[in-house]
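Input: a single structure, listed below in C-alpha cells.
Both counts, for ligands and for their atoms, begin at 1 and track the order of listing. Keep in mind it's a predicted model, so treat the numbers as computed, not measured.
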Amino acid sequence: MGTDHDSTPVPVLVPIRSLGPAHRARIVAHLLALNADDRYLRFGYMATDEQIRRYVADLDFDRDDIFGIYNRKLELIAVAHLAFSRDPEASQCAEFGVSVLQKARGRGYGSRLFERATIHARNDGVDLLFIHALSENTAMLKIARKAGAKLERFGTETEAHLRLPPATLDTRMSELVVEHFAQTDYRLKQQVKSFWDFLAGVQETRQGVRAARHKSAS
Ligand SMILES: CC(C)(COP(=O)(O)OP(=O)(O)OC[C@H]1O[C@@H](n2cnc3c(N)ncnc32)[C@H](O)[C@@H]1OP(=O)(O)O)[C@@H](O)C(=O)NCCC(=O)NCCS
C-alpha cells in the first residue's frame with residue numbers, strides 16, 4: 001500500500017473492473033455527483049442531469065467498454081468510457097473519456113484507468129486512441145502526454161492521439177489477471193457491505209425492542 005497526501009491508503013494495484021448494464025444506476029449516480037465545471041471538462045459542455053441520464057441510458061455495453069473503480073461503500077468513484085469508432089473507415093480508432101469524483105482525485109485513478117483502457121484497446125485491435133480535452137485540463141493532458149500521446153491545441157480545446165502497438169501475449173494475460181482481481185475485489189466489497197447492512201438492521205431491531213420495552217415499563 002502507498003499513501004496519498006491525506007494519508008488515505010492507496011492500493012498499489014487498483015481494482016478496475018469492467019461495468020455492464022447492471023451498473024447503469026451507479027454510473028448515473030457517479031456522473032450526477034460531478035459539479036458543473038467537471039461536467040464541462042468531461043463532456044465538453046455543461047451537461048444537465050437529463051443529458052447525463054440520456055447519455056447513460058444510451059451507453060452500448062456491447063460495442064463500447066466502460067471501466068470503474070468502486071470504494072468500500074460500493075460507490076463508483078471513477079468511471080472511464082472507451083468508445084469504439086462507428087465509422088467503418090476508422091474501425092481501429094477509439095475515444096477515451098474519464099471522470100474521478102473530487103474526493104478521490106490525485107491518487108492516480110485517472111492514470112490507472114487510462115492504462116487499463118489502453119491495454120483493453122490494444123487487445124481489441126485499436127491502433128489509435130483519441131482524447132478530447134479542454135486546453136485548461138492540466139490533469140487529463142498530463143495523463144495523455146505521459147503515455148506518449150501527441151497533443152494538438154486548437155484554442156480552448158486540445159486533441160490528443162496515442163498510437164497503440166499491437167496486442168501481445170503479455171497484454172492479453174495482464175488484462176485477464178487485472179479483471180479477475182477486480183471482480184474478486186468487488187464481490188468481497190459486496191459481501192462486506194451486505195454484512196454491515198445486516199448488522200445495522202439488527203441494531204435497529206434491538207433499539208426498537210428496547211424502546212418498546214421501555215415504553216411498556218413506564
Ligand atoms: C482528469 C481527471 C480524470 C484526473 O483524475 P485523477 O485521478 O485526479 O488523476 P491522477 O491522480 O492520475 O493524476 C494525473 C496527473 O495529473 C496531475 N494532476 C492531478 N490533478 C491536477 C490538477 N488539478 N492540476 C495539475 N495537475 C494535476 C497529477 O499530479 C498526475 O501527475 P503525475 O502523474 O505527474 O503525478 C479528474 O481530474 C476529473 O475527473 N476531472 C473532471 C472530468 C475530466 O476532466 N475528464 C477528462 C476529460 S475526458
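- At a heavy-atom distance under 4.0 Å, atoms from both the backbone and the side chain of L41 approach ligand 1.
- Below 4.0 Å from some heavy atom of T138 lie the following atoms of ligand 1, by number and element: 25 (C).
- Residue E175 is tested with H180, H120, R122 for a side chain to side chain donor-acceptor pair (under 3.5 Å); the sole match is H120.
- Residue contact check: I143 has heavy atoms under 4.0 Å from atoms 14 (C) of ligand 1.
- Residue, atom and distance of the protein heavy atom nearest to atom 12 (O) of ligand 1 are S111 OG, 2.5 Å.
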**OP:** Please report the C-alpha distance between I16 and L113 in whole Å, then the side-chain angles of each, then the deciding distance to 0.1 Å, and finally whether the side-chain contact (heavy atoms from CB on, under 4.5 Å) criterion is met.
**Re:** CA-CA 7 Å; I16 297 174; L113 278 163; 3.6 Å; yes
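- R105 NE, 3.5 Å is the protein heavy atom nearest to atom 36 (C) of ligand 1.
- Under 4.0 angstrom from ligand 1, the non-hydrogen atoms of V98 come from both its backbone and its side chain.
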**OP:** Apply side-chain contact (heavy atoms from CB on, under 4.5 Å) to the pair D127 and R163, showing each step before the final yes or no.
**Re:** CA-CA 6 Å; D127 61 19; R163 281 248 163 246; 4.0 Å; yes
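- Between D38 and R105 there is a salt bridge, since a side-chain N of the basic residue sits under 4.0 Å from a carboxylate O of the acidic one.
- Remark: R63 CZ to F84 CZ distance equals 9.5 Å, nearest 0.5 Å.
- Checked by atom type, the side-chain pair Q51/T48 shows a donor-acceptor distance below 3.5 Å.
- Under 4.0 angstrom from ligand 1, the non-hydrogen atoms of K142 all belong to its side chain.
- With no hydrogens or angles considered, no side-chain donor-acceptor pair links S91 and S85 at under 3.5 Å.
- No side-chain donor-acceptor contact under 3.5 Å links H30 and Y70.
- Annotation: the span from I131 atom CD1 to N137 atom CG amounts to 11.0 Å, rounded to 0.5 Å.
- Within the 4.0 angstrom cut-off, atom 2 (C) of ligand 1 has no protein heavy-atom neighbours.
- E179 has a carboxylate O that lies under 4.0 Å from a charged side-chain N of R116, or vice versa, which qualifies the two as a salt bridge.
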**OP:** Carefully, step by step, assess F181 and R17 under the rule side-chain contact (heavy atoms from CB on, under 4.5 Å).
**Re:** CA-CA 8 Å; F181 166 69; R17 60 159 300 172; over 6 Å; no
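- In terms of protein heavy-atom proximity, atom 35 (O) of ligand 1 is nearest to K146 NZ, 4.2 Å.
- Per-residue contacts place G97 under 4.0 angstrom from the following atoms of ligand 1 (heavy atoms of the residue considered): 48 (S).
- Among S99, A139, A144, G108, the residue whose heavy atom lies closest to atom 21 (C) of ligand 1 is A139.
- In V100, the parts holding a heavy atom less than 4.0 Å from any atom of ligand 1 are both the side chain and the backbone.
- Within ligand 1, the atoms closer than 4.0 Å to a non-hydrogen atom of N137 are 43 (C), 44 (O), 46 (C), 47 (C), numbered from 1 in the order shown.
- In this structure, atom 7 (O) of ligand 1 lies nearest to the protein heavy atom G110 N, 2.9 Å.
- Contacts with ligand 1 closer than 4.0 Å are made by no heavy atom of A133, backbone or side chain.
- Looking at R107 against ligand 1, only its backbone comes within 4.0 Å, counting heavy atoms.
- At least one heavy atom of G106 sits less than 4.0 Å from an atom of ligand 1.
- Remark: atom 41 (C) of ligand 1 lies closer than 4.0 Å to at least one protein heavy atom.
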